[in-house]
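Here the structure is laid out as structure tokens; the discussion comes afterwards.
Everything numeric here is computed off the predicted structure, so don't read it as measured data.
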Amino acid sequence: MSIENSSKSVEELETQVERVDTEVINLSSKVELLENLLMKIVENQGISSDLLTDINYVMLKNDLSAEERAEVPFFIIKTQKEYKFEGKVPSLQEFHNELLNVIGI
């Protein structure tokens, strides 16, 4: 493979990466617009606050990295095991603070 072919391949890959980046940005902005629209619809319809909480949770999870997203269920399982085997029941504030720690907020 010659240097010319290599540099053409690199240029093509860079173009593809730029195209994919642009597409990701476009899709992310569309998702954000749809999330905001959904929130407005739910708020205007007077639907259950539990649904709003669920939607907020899903949107928060979307903002997390894959590693941070995986930490949430592990944290919940850890808390359940501590309750089951040690009888330890965290207060709501303790649970909330630890969850914030896990997701890095």
Minimum heavy-atom separation for Glu94 to Val89, with atom names? OE1-O, 4.5 Å

For Ile77, which residues count as a side chain to side chain contact (heavy atoms under 4.5 Å, CB included) partner, sequence neighbours excluded? Gln80, Lys81

Once you round to the nearest 0.5 Å, how far does CG of Leu100 lie from CZ of Phe95? 10.0 Å

I would like to know whether Arg19 and Thr22 meet side chain to side chain contact (heavy atoms under 4.5 Å, CB included); could you show each step before the answer? CA-CA 5 Å; Arg19 185 182 52 78; Thr22 303; 5.8 Å; no

Applying the 4.5 Å side-chain criterion to the ILVMFWY set and letting contacts propagate, would Val31 and Leu33 be lumped into a single cluster? no

For residues Gln16 and Leu13, determine if any side-chain heavy atom of one lies less than 4.5 Å from a side-chain heavy atom of the other. yes

